[in-house]
Student: 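One structure is given below, represented as structure tokens, and several questions about it will come after.
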Amino acid sequence: MRGSGARLLWLLVLSLAWLGPAWGDSEGPEGKDDDGEVVAEEEEDEDDDVISDELVEEDSVLVLHEHNFARALSEFSLLLVEFYAPWCGHCQRLAPEFAQAAARLRNGSEAVRLGKVDATAQTALSNEFGIHAYPTLKLFRDGNRTHPLAYSGRMDAEGIVRWMQRRAGPSTTLLQDTDTAAAFINAQDIVVVGFFKDLQGEAAQAFYEAAGEVVDVAFGVTKADELFEAYGLSVDTVCLFKKFDEERTDFPVDPAQGLNAAELTRLLRVHSLELVMEFSNETSSRIFGANIPHHMLLFLNKTVEEQLALRDDFRKAASNFRGKVLFVVVDVDGYGATVLSFFGMTPADAPTLRFIKMENNRKYQMAEDAFSATAVRDFVQAVLDGKVKPHLLSQTPPEDWDTRPVKVLVGKTFEQVAFDETKNVFVKFYAPWCSHCKEMAAAWEELGERYKDHEDIVIAEMDATANELENLTIRGYPTLHYFPAGPGRKMIEYRSTRDVETFSKFLENGGTLPEEPPVVTKTPENSTGTEEPSPSGTAEARDEL
């Protein structure tokens with residue numbers, strides 16, 4: 001089930017999940033805070049910047065700047081630094097988690113610390129480390145400031161602590177005999193053991209690197225001949241032991257190509273998941289952390305015994321697609337109820353099946369629900385083979401949709417309006433819950449009034465959370481697109497100031513502004529559009545989550 005796409009209720013629940021995305025790519029709206037107010041305090045206080053290298057803390061987090069950064073690197077062997085923007089909503093939400101992690105780590109080791117840098121004020125540091133999104137977290141080890149490691153863990157206190165602890169201490173437990181190995185494996189639901197003839201060799205080093213990434217799983221390592229024999233191995237092998245499904249999965253090291261840490265990390269995350277996951281608050285981070293590109297969903301009501309029985313065939317179908325498609329059960333009477341609107345569903349629609357592509361949120365639906373293992377297997381394969389068209393949501397247009405100053409578009413009417421070759425159409429794609437959309441609503445209505453008598457200009461809007469388009473994916477709110485008159489299905493993305501006068505100047509100049517060249521694309525006829533909204537639009541959508 002990203003995102004990194006449409007910010008429907010589904011995304012509100014799954015901001016680190018079925019859309020993807022991570023907080024680390026939230027760019028700022030060009031010097032504005034979440035309420036759109038210009039932030040100027042940094043400039044006013046510029047003359048008062050601290051010039052001492054003294055290390056000061058706020059809630060156990062080191063406050064770093066260009067004058068004390070080097071000192072912090074020299075004093076702490078492991079220093080995780082958050083580069084943030086004061087107005088960034090994600091940074092604000094991360095702050096208490098980051099502080100909690102900092103306090104726990106400080107109490108555990110004086111060599112491990114967390115620090116923060118206001119990247120909007122400390123531009124020298126921001127430029128040095130290539131900070132373009134907020135928050136960005138980087139780990140500095142042993143004073144080295146030229147090759148920091150990008151943070152890859154969860155954005156909560158527990159995730160940060162585990163990620164840092166795995167890098168501060170031994171990432172693996174050395175297993176020397178069958179008794180210690182058996183005790184290690186039996187003590188937990190999931191463990192990984194690396195069997196290597198040479199614990200200092202390249203394959204073992206790749207294994208240690210993977211252990212540093214998969215922090216929620218215990219890792220053991222051995223070179224003991226008796227353990228190779230006890231577990232039926234003759235060559236270097238990574239074994240995943242789990243108390244469910246197939247119980248053990250082996251990943252032999254290729255003698256020619258060796259062991260790739262990134263690929264091993266991916267395989268371990270995929271195979272550490274149950275063959276069929278149940279969507280819940282506890283499992284969501286694991287579901288999305290596996291980075292499986294497609295999800296097949298069975299929506300059912302767990303209080304209905306007949307529907308529960310459908311899980312057996314669903315599991316049988318899942319075995320054919322391990323690593324390619326993640327099979328997930330969603331309880332419409334439980335935690336899963338909150339995501340139903342994303343699919344245009346109600347609890348009464350259960351049981352039913354949906355397939356979703358994570359890269360673009362395209363959803364697919366059987367013509368008629370069939371729950372046998374064969375039917376599910378055939379449907380999934382047909383979607384993967386490109387033989388099924390996406391199921392697109394569309395509202396019913398209101399009766400007066402084309403008589404209002406701002407035309408109300410829905411999925412069913414979008415094409416005929418936006419690509420009318422006699423009209424220049426300016427469309428606002430919005431989400432009802434988005435505060436930035438609400439803030440510019442009055443300006444958009446005023447723009448509609450201003451141009452309501454212009455026969456060749458149409459001001460329109462579409463609720464992109466309830467209407468989907470086959471050839472255009474909206475990834476942030478509000479997103480503004482201009483569709484000029486004439487052939488060619490051209491589209492120009494509006495990237496400038498959101499006020500009536502600038503909108504008017506843009507329209508009067510045929511979709512251009514003097515200070516900014518247009519970004520013109522040709523909307524593809526039969527494929528998913530890949531147009532990205534402006535960085536500020538993307539950030540605004542993420543700041544709503």
Side-chain angles (χ1 to χ4, degrees), residues 1-3 5-12 18-19 297 299 339-346 349 352-367 383 386 388-421 423-434 437 441 444 448 458-484 489-494 521-533 537 541:
M1 263 170 266
R2 129 225 315 259
R7 293 296 188 272
L8 308 172
L9 181 56
W10 178 252
L11 289 182
L12 286 170
W18 271 308
L19 271 186
L297 315 175
F299 291 87
V339 302
L340 293 178
S341 63
F342 178 71
F343 292 91
M345 293 167 45
T346 68
D349 292 313
T352 188
L353 297 160
R354 296 292 188 276
F355 185 105
I356 181 169
K357 291 185 177 181
M358 300 300 296
E359 62 183 1
N360 54 21
N361 266 8
R362 287 290 176 259
K363 297 176 281 289
Y364 300 81
Q365 179 179 353
M366 284 183 172
V383 174
V388 181
K389 286 194 171 185
H391 175 72
L392 301 174
L393 297 179
S394 178
Q395 295 175 304
T396 299
E399 292 184 1
D400 60 344
W401 72 269
D402 60 345
T403 62
R404 304 178 185 180
V406 175
K407 313 306 177 188
V408 179
L409 305 184
V410 298
K412 298 174 182 177
T413 60
F414 178 82
E415 287 275 325
Q416 70 187 62
V417 176
F419 296 111
D420 183 338
E421 295 185 1
K423 308 288 186 183
N424 299 290
V425 184
F426 201 12
V427 183
K428 175 184 71 173
F429 298 89
Y430 72 96
W433 43 259
C434 168
C437 301
W444 202 249
V458 175
I459 308 302
E461 64 182 11
M462 189 176 87
D463 178 355
T465 70
N467 298 277
E468 297 173 322
L469 305 173
E470 183 173 1
N471 299 318
L472 179 61
T473 300
I474 304 302
R475 302 182 189 277
Y477 305 118
T479 290
L480 307 176
H481 284 307
Y482 176 75
F483 302 85
R489 296 171 60 87
K490 293 180 180 179
M491 179 174 68
I492 298 172
E493 183 173 356
Y494 180 85
T521 64
K522 183 174 180 179
T523 306
E525 296 285 349
N526 296 306
S527 63
T528 300
T530 57
E531 274 296 295
E532 294 285 344

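A quick note: this is a predicted structure, and the numbers were derived from the prediction, not measured. In what follows, residues are counted from 1 in the order of the sequence shown.
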Student: So how far is it from Ile459 CD1 to Lys407 NZ, rounded to the nearest 0.5 Å?
Tutor: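 Here the interatomic distance stands at 10.0 Å.
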
Student: Please lay out, stage by stage, how Val458 and Phe483 fare under the test side-chain contact (heavy atoms from CB on, under 4.5 Å).
Tutor: CA-CA 10 Å; Val458 175; Phe483 302 85; over 6 Å; no

Student: Parallel, tilted or perpendicular: which one describes the rings of Phe429 and Phe414, with boundaries at 30° and 60°?
Tutor: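 Phe429 and Phe414: tilted rings.
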
Student: Tell me every residue that passes ring-ring contact (aromatic ring centres under 6.0 Å, His included) with Tyr430, counting only those two or more places apart in sequence or in another chain.
Tutor: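 Testing Tyr430 for ring-ring contact (aromatic ring centres under 6.0 Å, His included), a comparison that skips the adjacent residues, returns none.
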
Student: Just by distance, do the side chain of Thr465 and the backbone of Ala431 share a donor-acceptor pair under 3.5 Å?
Tutor: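 The answer is no, because no donor-acceptor pair under 3.5 Å joins these two groups.
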
Student: Taking all non-hydrogen atoms of both residues into account, name the closest pair between Pro484 and Ile492 and its distance.
Tutor: CG-CD1, 4.5 Å

Student: In terms of heavy-atom contacts, does CD of Glu399 have more than 12 from other residues, nucleotides or ligands at under 6.0 Å?
Tutor: no

Student: Within the side chain of Arg362, is there an N or O that forms a donor-acceptor pair under 3.5 Å with the backbone of Glu470?
Tutor: yes

Student: Among Leu409, Val427, Val410, find the residue that satisfies the side-chain contact (heavy atoms from CB on, under 4.5 Å) test when tested with Val417.
Tutor: Leu409

Student: Kindly give the heavy-atom pair with the smallest separation between Gly411 and Asn467, and that separation in Å.
Tutor: N-OD1, 3.0 Å

Student: Quick one: closest heavy-atom pair of Cys437 and Tyr477, and the distance?
Tutor: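 Taking Cys437 first and Tyr477 second, the nearest heavy atoms are SG-CB, 3.7 Å.
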
Student: With rounding to the nearest 0.5 Å, note down the distance linking OH in Tyr494 to NZ in Lys428.
Tutor: 13.5 Å

Student: How long is the gap from NE2 on His391 to OH on Tyr364, to the nearest 0.5 Å?
Tutor: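 Separation between the atoms: 12.5 Å.
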
Student: Asp349 and Phe343: side-chain contact (heavy atoms from CB on, under 4.5 Å), yes or no, with the steps?
Tutor: CA-CA 11 Å; Asp349 292 313; Phe343 292 91; over 6 Å; no

Student: Asp420: what forms a side chain to side chain donor-acceptor pair (under 3.5 Å) with it, not counting sequence neighbours?
Tutor: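 Only Thr422 meet the side chain to side chain donor-acceptor pair (under 3.5 Å) criterion with Asp420.
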
Student: Which pair of heavy atoms, one from Leu393 and one from Ala466, lies closest together, and at what distance?
Tutor: CB-O, 3.6 Å

Student: Below 4.5 Å, heavy atoms only, C-beta onward: do Met462 and Gln395 meet side chain to side chain?
Tutor: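 SC-SC contact between Met462 and Gln395 ruled out.
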
Student: Measure the spacing between CD1 of Ile474 and CG of Asn361 and express it to the nearest 0.5 Å.
Tutor: 12.0 Å

Student: In Å and rounded to the nearest 0.5 Å, what is the CZ to CD distance from Phe342 to Glu468?
Tutor: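 CD of Glu468 is found 6.5 Å from CZ of Phe342.
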
Student: Do Arg354 and Thr352 have side-chain atoms, one donor and one acceptor, less than 3.5 Å apart?
Tutor: yes

Student: Could you tell me the separation between the NZ atom of Lys363 and the CE atom of Met345, rounded to the nearest 0.5 Å?
Tutor: 11.5 Å

Student: Grab the two heavy atoms, one from Pro397 and one from Thr413, that are nearest each other, plus how far apart they are.
Tutor: CG-CG2, 4.1 Å

